[in-house]
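Since the structure comes first, as structure tokens, the remarks are kept for the end.
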Amino acid sequence: MDNAQPLEEEVYDMSGAHLALILCVTKAREVSEADLAALEHMFQKLGFESTMKRDPTAQQFPEELDFREAMEARTDPISCAFVVLMAYGSESLLKGEDEQMVELDDLSEVLNNKKCWALRAKPKVYIVQACRGEQRDPGETISGDEIRMITKESPKTIPTYTDALHIYSTVEGYISYRHDKNGSYFIQTLVDVVTELKGPILKLLTEVTRWIAGEIVQEGRRKVNPEIQSTLRKQLYLQ
């Protein structure tokens with residue numbers, strides 16, 4: 001492999017506006033206030049224009065997400081959008097303040113490259129703090145330290161679902177943990193890493209996973225790890 005060529009890095013243009021929308025159900029989730037404070041701090045430090053909505057109903061989740069008209073009416077360019085969704089959840093569902101459920105896939109459809117031209121080819125990052133099932137991971141014992149190239153030309157068209165990054169607090173089928181007072185392990189670790197370290201976001205998220213995977217969370221010897229799904233076409237730097 002001596003003749004292997006270094007990978008050329010292409011990055012997203014982050015010179016425009018950075019937008020963030022936080023939708024959080026606080027009902028019976030009082031500790032979520034710690035997460036909201038941490039997220040506000042993170043977005044402020046990173047120069048985002050952030051909007052927070054508390055206790056949306058299931059119907060209001062997609063309504064609040066559909067802020068395309070406001071984005072498309074702006075005269076300044078938009079570089080990226082973050083959407084943070086925090087609520088009780090199960091599998092692919094989120095529970096609104098009214099106890100009704102909404103499909104996660106329906107929420108991410110709203111801002112895809114086909115439906116939202118203001119964010120076409122721009123990074124769209126979804127952060128989901130919610131359970132995705134009822135299973136609990138006790139962890140596995142390990143010993144020691146364990147640890148195709150395409151396209152040269154920019155395409156004239158892009159797929160509908162590129163430029164999106166979905167970050168879940170846990171893997172499908174498993175619960176997500178929160179501390180009784182300090183907020184969720186996922187949100188607090190995410191904010192610490194993103195505000196204290198610099199690098200492409202996928203590298204930062206690997207560090208988030210490493211930090212969380214090394215922790216033993218509540219309810220005895222339980223383990224948890226976030227799940228990252230990316231269709232980003234370029235490196236994304238937040239600072």
Side-chain angles (χ1 to χ4, degrees), residues 17-46 48-71 80-112 115-116 119 124-134 164-192 194-195 208 212 217-219 224 226-227:
H18 301 25
L19 307 182
L21 174 65
I22 305 169
L23 301 179
C24 178
V25 176
T26 62
K27 181 179 179 181
R29 300 178 69 253
E30 291 78 9
V31 72
S32 60
E33 293 295 336
D35 288 341
L36 291 175
L39 288 165
E40 279 193 307
H41 167 71
M42 179 182 77
F43 286 129
Q44 183 178 24
K45 182 174 181 179
L46 297 175
F48 275 72
E49 300 175 31
S50 63
T51 301
M52 183 185 299
K53 301 289 186 179
R54 283 178 167 82
D55 296 318
T57 63
Q59 181 178 340
Q60 288 172 335
F61 265 104
E63 291 175 352
E64 294 290 353
L65 261 171
D66 194 4
F67 58 117
R68 291 172 296 183
E69 288 187 8
M71 286 190 290
C80 72
F82 272 56
V83 174
V84 184
L85 306 172
M86 298 194 293
Y88 285 116
S90 176
E91 300 294 341
S92 61
L93 302 170
L94 284 183
K95 183 183 290 186
E97 189 273 342
D98 57 351
E99 304 291 320
Q100 299 301 306
M101 307 300 282
V102 60
E103 286 278 355
L104 267 171
D105 286 347
D106 292 344
L107 300 181
S108 59
E109 286 276 340
V110 176
L111 302 179
N112 68 32
K115 294 184 177 180
C116 183
L119 288 174
K124 299 160 279 287
V125 179
Y126 300 87
I127 299 171
V128 182
Q129 169 59 45
C131 291
R132 301 178 71 196
E134 299 297 329
L165 177 60
H166 293 78
I167 312 163
Y168 299 94
S169 60
T170 187
V171 296
E172 187 170 355
Y174 284 78
I175 69 172
S176 184
Y177 292 94
R178 291 174 291 139
H179 188 276
D180 290 341
K181 296 181 180 178
N182 299 331
S184 64
Y185 294 92
F186 167 64
I187 292 294
Q188 297 296 324
T189 304
L190 176 71
V191 169
D192 285 345
V194 170
T195 55
V208 171
I212 294 177
V217 297
Q218 62 198 45
E219 297 188 14
V224 67
E227 181 176 350

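What you see is a predicted model, and the numbers here were worked out from it, not measured in a lab. Side chains are part of it too, since the values below use all heavy atoms of this structure and drop only hydrogens, waters and symmetry mates.
In this structure, Phe48 and Phe82 have perpendicular ring planes: the angle between them is above 60°, well past the 30° mark.
The shortest distance between side-chain heavy atoms of Ile175 and Thr170 does not fall below 4.5 Å. Side-chain contact between Lys53 and Thr51: present, with at least one pair of heavy atoms (C-beta onward) separated by less than 4.5 Å. Side-chain contact between Val110 and Phe67: absent, with no pair of heavy atoms (C-beta onward) separated by less than 4.5 Å. Side-chain atoms of Phe61 and Asp106, non-hydrogen and from C-beta on, never get closer than 4.5 Å to each other. Two residues are said to be in side-chain contact when any heavy atoms from C-beta on lie closer than 4.5 Å; Gln59 and Gln100 fail this criterion. Between Glu109 and Lys115, the closest side-chain pair of non-hydrogen atoms falls below 4.5 Å. Side-chain contact between Leu23 and Val84: absent, with no pair of heavy atoms (C-beta onward) separated by less than 4.5 Å. Contact annotation: the side chain of Tyr168 never approaches that of Ile127 to less than 4.5 Å [non-hydrogen atoms, C-beta and beyond].
Expressed to the nearest 0.5 Å, how far CD1 of Ile187 lies from CG of Asp192 amounts to 11.5 Å. A distance of 13.0 Å separates CD1 in Ile22 from CD in Gln129, rounded to the nearest 0.5 Å. Separating the OG atom in Ser92 from the CD atom in Glu172 is a distance of 7.0 Å, to the nearest 0.5 Å. For the atom pair Leu94 CG and Leu107 CG, the distance stands at 6.5 Å (nearest 0.5 Å). Distance OG1/Thr57 to CD/Glu64: 9.0 Å, rounded to 0.5 Å. Between atom CG of residue Asn112 and atom CG of residue Leu119 there is a gap of 10.0 Å, rounded to the nearest 0.5 Å.
For the residue pair Val25 and Ser32, the shortest heavy atom distance occurs at O-OG, 4.4 Å. Closest approach of Leu36 and Met86 over heavy atoms only: CD2-CE, 3.3 Å. Here the shortest heavy-atom pairing between Ser176 and Ala130 reads CB-O, 3.5 Å. Looking at every heavy atom in both residues, Cys24 comes nearest to Pro56 through O-CD, 3.5 Å. Among all heavy-atom pairs drawn from Pro226 and Val208, the shortest one is CG-CG1, 4.4 Å.
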Step-by-step side-chain contact (heavy atoms from CB on, under 4.5 Å) determination, Ile167 to Leu165:
CA-CA 6 Å; Ile167 312 163; Leu165 177 60; 4.0 Å; yes
Decide side-chain contact (heavy atoms from CB on, under 4.5 Å) for Leu46 and His18; before the verdict, give the C-alpha distance in whole Å, the side-chain angles of both, and the deciding distance to 0.1 Å.
CA-CA 9 Å; Leu46 297 175; His18 301 25; 5.9 Å; no
Could you walk me through whether Val83 and Val125 satisfy the side-chain contact (heavy atoms from CB on, under 4.5 Å) test, starting with their C-alpha distance in whole Å, then the side-chain angles of each, then the deciding distance to 0.1 Å, before giving a yes or no?
CA-CA 6 Å; Val83 174; Val125 179; over 6 Å; no
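Within a 6.0 Å sphere centred on CD of Glu91, heavy atoms belonging to other residues, nucleotides or ligands number more than 12. Other residues, nucleotides and ligands contribute more than 12 heavy atoms inside 6.0 Å of the NZ atom of Lys27. For Glu33, the CD atom is densely surrounded, since the number of other residues' heavy atoms within 6.0 Å is greater than 12.
Applying the side-chain contact (heavy atoms from CB on, under 4.5 Å) test to Leu93 and every residue at least two apart in sequence or in another chain returns Met101, Glu103.
Looking only at distances, no side-chain donor or acceptor of Ser169 sits under 3.5 Å from a matching main-chain atom of Phe186. In this structure a side-chain-to-backbone donor-acceptor pair under 3.5 Å is missing from Tyr185 to Ile212.
For Arg132 and Tyr174, the positive end is not near the middle of the six-membered ring at less than 6.0 Å and at most 45° from its axis.
No salt bridge links Arg54 with Glu97; every basic N to acidic carboxylate O contact stays at or beyond 4.0 Å.
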